[in-house]
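Right, one structure below, let's go through it.
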Amino acid sequence: MNNLFIKNIYGAFRFFVKKHMLTNRQIFFEHIAQTTPEPMGLEITHAKGIYLYDKNNTEYIDLVSGVSVSNLGHLHPKVTSAITEQLEKYMHLMVYGDFIQAPQVKLAKKLSDVLPDNLNCTYFVNSGSEAIDGALKLAKRCTGRREIIAFKNAYHGGTHGALSILGNEEMKNAFRPLLPDIRQLRYNNIKDLEQITEKTACVVVEPIQAEAGIILPENNFLEALNKRCKETGSLLIFDEIQMGFGRTGELFAFQKYNVTPDILCLAKAMGGGMPIGAFISSKENMSKLTYNPMLGHITTFGGHPVCCAAALASLNTIIEEKLPAQAEKKGKLFEENLINHPQVKTIRRVGLMLAVELKNHDSMDAINLLIKDKLIVDPFLFNMNAFRIAPPLIITEKEIEQISETITKCLDSIS
Ligand code: PLP
């Protein structure tokens, strides 16, 4: 064999490899639908607790928790054993609602035990957006009304129903027509509540606005909202999809205020890393989904037994390990460590979720700065001035001290 022949064969081999053996990164950009022009694009091979690792085994610290999902950190042993145990019994059996499945039953009972009496009946779904859509349908069905009220700068999800009540016009414009009869009020504006009338089926609110950059209710706003809903017979829907399961310092955010919603929407942290959501209301309200029409909401995978088993283990662990109380203490520690830095303009915080606003830099500057030191933080959808710190609730105080030191050093390096 002469050299030229070998060279040609080698060249053809390289061409074949290049064409057919794409890297994960190439496949990601070529064959996975993208939603931003510049995704972070970290390639994570494994994760444990608050740590993520790439293929070079570089360790990153997760200060986002997959956007308030991994409250128990990654691969919590109680969650993974619950999953393994259920996998040995069964996975999907039947579309939602027909069979009695122990993981669903146990989870629904536990949720009823920890929630007020009027939230005693759970409809399991697959995601936050589906929980919102289900809740909107339930409110229409229960009241016979059409109008839906929501708030500016609120995020409720990406399906057509959830998008219709999104508090940001720019994100909706390309997808119109959306649901009719939607009215958008200003969050924390008591005067606007007069627009809730006998025509209003429901008011959907995040008790603490997350994607707006952590905006807390002021001047008893939620109490006033609840009062107006009671006066008009409109159902009050709380979207705790991002804030639920201990993030705020309470198991659920509404427990911080003197208000119980008529319908509670949950997802994200609910499954301990598995996909599951729920809308929860009274048995009386929920019974309306069984007639006029029957099958008022249908889902194939809602309440998947493996996800329910994971969700129950996760909920039990959050309660047993008193993670809500820890969230408050740990969040405060983060805040105290960072608030006096000359680059920090302000910090808004609830529990272990912080919106850190810098004086001279926006959230993308902060993200690009901190990732160099392997800290993963995130922007908010509707507030580009602040970056998000929302680590798993199992983070230790020692880790917070170390991370705060790294953040401080990073902030020292900019002007
Ligand atoms: N509601 C809130 C407050 C959220 O933060 C999100 C997601 O970020 C949703 C609803 C939608 O949840 P999902 O993405 O699971 O559909």
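When a residue number appears, it is its place in the shown sequence, counting from 1. Both ligands and their constituent atoms are indexed starting at 1 by order of listing.
Comparing Gln242, Met270, Met243 against atom 5 (O) of ligand 1, the shortest heavy-atom distance belongs to Gln242.
The shortest N or O to N or O distance between Asp239 and ligand 1 is below 3.5 Å. By the 3.5 Å distance cut-off applied to N or O atoms, Ile241 is not counted among the residues near ligand 1.
Heavy-atom proximity to Glu206, at under 4.0 Å, picks out these atoms of ligand 1: 3 (C). For ligand 1, the atoms lying closer than 4.0 Å to a non-hydrogen atom of Tyr155 are 1 (N), 2 (C), 3 (C), 4 (C), 5 (O), 6 (C), 7 (C), 8 (O), 9 (C). Counting the atoms of ligand 1 from 1 in the order shown, those under 4.0 Å from a heavy atom of Ser129 are 11 (C), 12 (O), 13 (P), 16 (O).
A salt bridge links Glu231 to Arg228: at least one charged side-chain nitrogen sits closer than 4.0 Å to a carboxylate oxygen. Taking a cutoff of 4.0 Å between a charged side-chain nitrogen and a carboxylate oxygen, Glu223 and Lys227 do not qualify as a salt bridge. One finds a salt bridge joining Lys172 and Glu169 here, because a Lys/Arg side-chain nitrogen approaches an Asp/Glu carboxylate oxygen to under 4.0 Å.
Residues forming a side-chain hydrogen bond (donor to acceptor under 3.5 Å, both in side chains) with Lys345 (at least two apart in sequence, or on another chain): none.
Lys268 CE, 3.1 Å is the protein heavy atom nearest to atom 7 (C) of ligand 1.
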Below 3.5 Å, can you tabulate the donor-acceptor pairs from side chains in residues 262-278 to any protein atom, sequence neighbours excluded?
unit_1	atom_1	unit_2	atom_2	d
Asp262	OD2	Leu236	N	2.7
Lys268	NZ	Val67	O	3.3

